[in-house]
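Have a look at the structure below before the remarks.
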2 protein chains.
Amino acid sequence: MPHPSPRPVVIREVGLRDGLQSIATIVPTEHKRAWLAAAHAAGQREIEVGSFVPARLLPQLADTAELLAYARTLPGLKASVLVPNLKGAERALDGDAHLMILPLSASHAHSLANLRKTPDEVVAELGRIRAARDASGRKTLIEGGVGTAFGCTIQGEVPVSEVLRLLQALLDAGADRVSLADTVGYADPGAVARLFEQALKIAGERFCCGHFHDTRGLALANVAAALDLGVARFDASLAGIGGCPHAPGASGNATTEDLAFMLEAMGHHTGLDLDALLRLRAQVVGWIPGEPTHGALWRAGLPGTFRPARASAR
Amino acid sequence: MPHPSPRPVVIREVGLRDGLQSIATIVPTEHKRAWLAAAHAAGQREIEVGSFVPARLLPQLADTAELLAYARTLPGLKASVLVPNLKGAERALDGDAHLMILPLSASHAHSLANLRKTPDEVVAELGRIRAARDASGRKTLIEGGVGTAFGCTIQGEVPVSEVLRLLQALLDAGADRVSLADTVGYADPGAVARLFEQALKIAGERFCCGHFHDTRGLALANVAAALDLGVARFDASLAGIGGCPHAPGASGNATTEDLAFMLEAMGHHTGLDLDALLRLRAQVVGWIPGEPTHGALWRAGLPGTFRPARASAR
């Protein structure tokens, strides 16, 4: 059985973006700065700090430029931002983000409803973003993130062939990396194994990240299936904040601290201090009273036998 | 990558035993009978109906004999009971249970604290139960269930070698089947793969069931790891009721309806009607107001694209 050798695995924190954009509470910038600082101190080295969408659409993320500037002062931190289009990408380049992520929905219906563009129009936009990046002289990486990769609440089935076609199209258009997202929690470990195996064949080293929602409780099982294939970067949100607009109260993102526990227990080095993450979780939960939060580790605590994975594990 | 071919997988319902013994509310016998009837109607064919322990210890399960008698009237239902010792086993034989499960704790400290016996004394008790069963003329099967198989809150580490030694000892003493339980939620998918691979080598076809607690959110990921090895029976509790006395409010058992969704989505036929299970869940939750319940599927509902696995899948 594979369960591959222990190796470094990155948890990319998306709580400040995917988490906070999904709840009504507007967290003050000073709290977000404290979150960034504490996440960095707990060992997090890749954090999505916000989204360059118009503030009238997502007032929760209106301070993204300020947070990006602050994140750039934290040593070793790779700060990413979501950009919906070229205009957002220009702001990411202005802010010298390490990475900008352009979301694409493999569901045509979802793409039209959410982004007002067809998937192929988003691919074309990525081409323009690539040209802008190359002209800017910045080193900002470009990630194309294919969402609704396992199905869609609006359209229903999303053919695997279409997901793979769009991954290839993003790479051809100039994406430095691509990733896959189960935006609505439709994935299961079998479907993950099948799709990711194909995606890795297409993207190879340029395959970057798996983004799983815990809408139906399968986020960590889905991560484990992708891990088996060698995927080594996963998005997650502290306290599982965010993510399921079509099912109020349902779990959203994979929970950072639970995922970190699973990975470390399996021997995969994350570089994270779990006790520090649990303290930060308590602090962040205190900033968003009444909002749904998730996860199990915070109640039970770490096993008495728990040992962090060794950094030297490969 | 393995993710083995779809095949029938059994979810053994333990909510009426492991679930109800762990909460303060005493559910009336008439409600338990309704639960059994509805679970049977939803397709459940293996149910642990209770435990033959003294009623003064577990008043919640004092009606086990009555429930066993009722369960024996439901066509095709295999009714199991937990038995702590020979005395309990005699009651299981009297009630003509299909299966009696003798729990053994691989942690010596936990075994002494909970059962007031060493693990080897429990093995000897299984030998006496086997003799009684053989003398009775009953067909009641005997399962030896090795708990704290991944560690223990009292003792800490539980050596794999000790777990495997006890599995072999139970088989040698006359167990028809053996199973493994992560009683305190210490397992991770890597540890599951390692231990279950060894256990399957020892027990072969006599390996029966995996029992995972969701204390730290990993129950379904752990099930998926065991599934990869070919394990085809898992314990679970409706609404995740029960299970974690050392961490109040923490998740307990794997949640039946979420596990059923995962298995069916992966193409493994469970024979379960998920909509009926979700209706039963709502009913049972209404019987235990204020008690912690768990699971995610009930909020989000089934994916629009969900199709039950085909019975013909192998």
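What you see below is based on every heavy atom in this structure, not just the backbone, and it leaves out hydrogens, waters and symmetry mates. Residue numbers start from 1 in every chain, and the chains themselves are labelled A, B, ... in the order their sequence lines are given, proteins ahead of strands.
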### Task
Please report the shortest heavy-atom distance between B:Asp214 and A:Ala296, naming the atom on each side.
O-CB, 4.2 Å
### Task
Verify side chain to side chain contact (heavy atoms under 4.5 Å, CB included) between B:Leu220 and A:Leu218, making sure each step is shown before the conclusion.
CA-CA 7 Å; B:Leu220 297 190; A:Leu218 304 193; 3.3 Å; yes
### Query
With chain B, which of A:Gly304, A:Gly295, A:Ala265, A:Gly151 has the greatest number of heavy-atom pairs at distances under 4.5 Å?
A:Ala265
### Message
If I measure from the heavy atoms of chain B, does A:Leu302 come under 4.5 Å with its side chain, its backbone, both, or neither?
### Response
backbone
### Summary
d(A:Met266 CE, B:Asp188 CG) to nearest 0.5 Å is 6.0 Å
### Query
For the atom pair OG1 (B:Thr215) and CG (A:Leu297), what is the distance rounded to the nearest 0.5 Å?
10.5 Å
### N/O donor-acceptor pair under 3.5 Å between B:Arg216 side chain and A:Asp258 backbone
no
### Task
List the atom of A:Thr305, the atom of B:Glu157, and the distance in Å for their closest heavy-atom pair.
CG2-N, 3.3 Å
